There are 2 protein chains.
Amino acid sequence: MSWKRERPETPRGYHHGNLKEELVRAALGLIREKGPNGFTFAEAARMAGVSPAAPYRHFRDRDELLADVAARGFQAFEAALSRAWDQGRPDPETAFHRLGRAYLAFAHDEPAYYAAMFEAGVPLDASAELRAAADSAFACLRQASEALIAQLPQGKRPPALMMALHIWAMSHGIAALFGRADGGRRPLPMSASDLLEAGTLIYLQGLGIGRNSPPKPD
Amino acid sequence: MSWKRERPETPRGYHHGNLKEELVRAALGLIREKGPNGFTFAEAARMAGVSPAAPYRHFRDRDELLADVAARGFQAFEAALSRAWDQGRPDPETAFHRLGRAYLAFAHDEPAYYAAMFEAGVPLDASAELRAAADSAFACLRQASEALIAQLPQGKRPPALMMALHIWAMSHGIAALFGRADGGRRPLPMSASDLLEAGTLIYLQGLGIGRNSPPKPD
DNA sequence: AGCTCATGTAAGGAGCGCTAACATGCGGGT
DNA sequence: ACCCGCATGTTAGCGCTCCTTACATGAGCT
């Protein structure tokens with residue numbers, strides 16, 4: 001068994017072999033610990049055990065690495081949301097609340113991704129991938145909104161886009177204000193997840209989709 | 001007329017006379033143009049026409065200046081919200097929507113303040129003033145929520161704190177995602193203000209405070 | 001085997017946060 | 001009226017980061 005480079009750690013030759021991925025991992029760790037601003041190109045290089053100039057072979061500058069992290073974040077986000085929505089099974093309302101919990105769980109469990117996506121000031125058109133990933137994630141929310149709205153009688157259907165924007169805004173607002181791993185900026189009387197679920201219930205009730213006000217199929 | 005220091009600009013003596021205020025003004029300008037991270041202590045000093053070390057006589061470090069800006073922001077924010085709420089005149093619902101518009105108007109018209117308050121990562125307990133100002137602003141929202149809830153019959157009143165958190169989250173979510181001066185990260189089918197008003201209407205409807213479902217005073 | 005080019009390194013300029021030591025002059029005490 | 005204290009400014013400088021330029025290495029193709 002004469003492998004070439006399987007040792008997981010330090011001793012490596014002149015070429016790293018997988019620097020780009022390792023830089024992304026290092027960036028995630030640094031962002032998680034010190035926020036998207038505390039993250040430093042030089043320190044990521046140090047973590048990967050290469051010289052401070054090496055990262056520039058893989059990313060034009062610091063912002064491009066941040067944009068790459070954000071794009072990967074949106075991809076993971078979209079995957080998590082899609083999995084939670086599960087095509088609306090067993091019924092749209094159950095799936096919708098599961099979607100909301102998945103949103104907050106992502107923000108809570110992947111603070112580095114979430115920060116890169118929403119708090120680092122990365123412009124969405126920094127790359128085509130980033131834009132596409134962000135659009136996919138939003139499309140998931142919009143799709144779920146459409147499924148719920150379809151339960152309403154023809155005349156009383158609000159625009160699905162608007163509903164998706166409302167839900168996104170409420171979710172992001174709760175995540176940003178109260179959903180951080182450190183408990184957020186302000187003590188809450190309930191968990192962020194429960195807060196979002198309650199808000200969603202009230203909002204859906206307002207639309208006439210409440211569990212206690214089914215669209216009488218008369 | 002032998003004044004001492006009334007010329008508004010450049011020629012000044014060894015002592016500036018009003019450096020602290022000028023640094024805050026410079027910080028606001030820089031944050032507005034380049035975001036809370038692009039803001040630089042040295043550049044603020046340059047704008048005030050002073051050496052790079054001078055600011056340290058007024059702020060322990062860069063973070064303390066940022067915290068001061070955030071605190072002033074929350075004070076202005078609270079003033080704007082209180083003015084909009086106007087003690088619930090002429091009726092709580094009208095005033096409530098006016099409050100929502102004021103929220104978004106502040107985020108839109110004072111992006112530097114808003115960024116320092118919510119996007120700069122300033123911990124709320126950076127200073128007692130900051131904490132107090134932030135609490136006052138939230139108290140305004142909570143007070144408005146209580147006034148609206150008071151319209152409901154005793155049995156059907158949700159916790160005012162929860163309602164305030166929901167409204168804050170939706171407002172902040174819309175401001176953060178779509179309410180920037182540059183139009184936000186994503187094109188909208190309607191203005192951020194209208195989006196919030198629609199969302200609030202639906203939410204209130206869900207609580208039974210909708211204009212079309214008044215609390216039948218049977 | 002030898003070439004080529006992606007990927008690494010070394011060195012350095014410009015800018016920033018922050019500190020230390022020194023300069024200035026406003027204002028209060030005698 | 002004087003003088004001295006102290007708040008507020010200055011210069012000099014350390015260590016760090018971002019990024020560029022010129023050079024070194026070695027993996028893989030022909």
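Just so you know, these numbers come straight off a predicted model, no measurement behind them. Order of the sequence lines fixes the chain letters, A, B, ..., with proteins taken first and strands second; residue numbering starts at 1 for each chain.
Using a 30° and 60° split on the angle between ring planes, A:Trp168 and A:Phe138 fall in the tilted class, from 30° to 60°. The aromatic rings of B:Phe118 and B:Tyr114 sit tilted, their planes meeting at an angle between 30° and 60°. Ring orientation note: the planes of B:Phe77 and B:Phe106 are tilted relative to one another, at an angle of 30° to 60°.
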Restricting both atoms to N or O, compile the protein contacts to nucleotides 4-7 of chain D shorter than 3.5 Å, with distance only.
none

Please tabulate, one pair per line, each protein N/O and nucleotide N/O from nucleotides 15-17 of chain C that are separated by under 3.5 Å, including the distance.
unit_1, atom_1, unit_2, atom_2, d
C:dC16, OP2, B:Arg46, NH2, 2.8
C:dG17, OP1, B:Phe41, N, 2.9
C:dG17, OP2, B:Phe41, N, 3.3
C:dG17, OP2, B:Ala42, N, 2.9

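Side-chain N or O atoms of B:Arg185 include none that pairs as donor or acceptor with a backbone N or O of B:Ala176 at under 3.5 Å. Between the side chain of B:His166 and the backbone N or O of A:Thr200 there is no donor-acceptor pair closer than 3.5 Å.
Closest to the side chain of B:Ala53, from the set D:dG9, C:dG8, D:dT11, is D:dT11.
Atom CZ of B:Phe59 is separated from atom P of D:dT8 by 12 Å (rounded to the nearest Å). The distance between atom CE of A:Met47 and atom C1' of D:dT17, rounded to the nearest whole Å, is 16 Å. Spacing between atom CG of B:Leu19 and atom C1' of D:dT10 amounts to 13 Å, rounded to whole angstrom units. With rounding to whole Å, A:Arg57 atom CZ is found 12 Å from D:dA22 atom P. Here C:dT7 presents its C1' atom at 13 Å from CG of A:Asn18, a figure rounded to the nearest Å. The distance between atom NZ of A:Lys20 and atom C1' of C:dA6, rounded to the nearest whole Å, is 13 Å.
Side-chain nitrogen and oxygen atoms of A:His58 include none within less than 4.0 Å of the OP1 or OP2 phosphate oxygen of C:dA6.
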Practice task
Starting from the C-alpha separation in whole Å, work towards a yes-or-no answer on side-chain hydrogen bond (donor to acceptor under 3.5 Å, both in side chains) for A:Glu78 and A:Ser82.
Solution key: CA-CA 6 Å; A:Glu78 192 269 342; A:Ser82 283; 3.1 Å; yes
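The two residues B:Ser145 and B:Ala160 have their closest heavy-atom pair at CB-O, 3.9 Å.
Not counting sequence neighbours, the partners of A:Glu64 by the side-chain hydrogen bond (donor to acceptor under 3.5 Å, both in side chains) test are A:Arg60.
The existence of a salt bridge linking A:Arg142 and A:Glu146 is confirmed by a sub-4.0 Å separation between a basic side-chain nitrogen and an acidic carboxylate oxygen.
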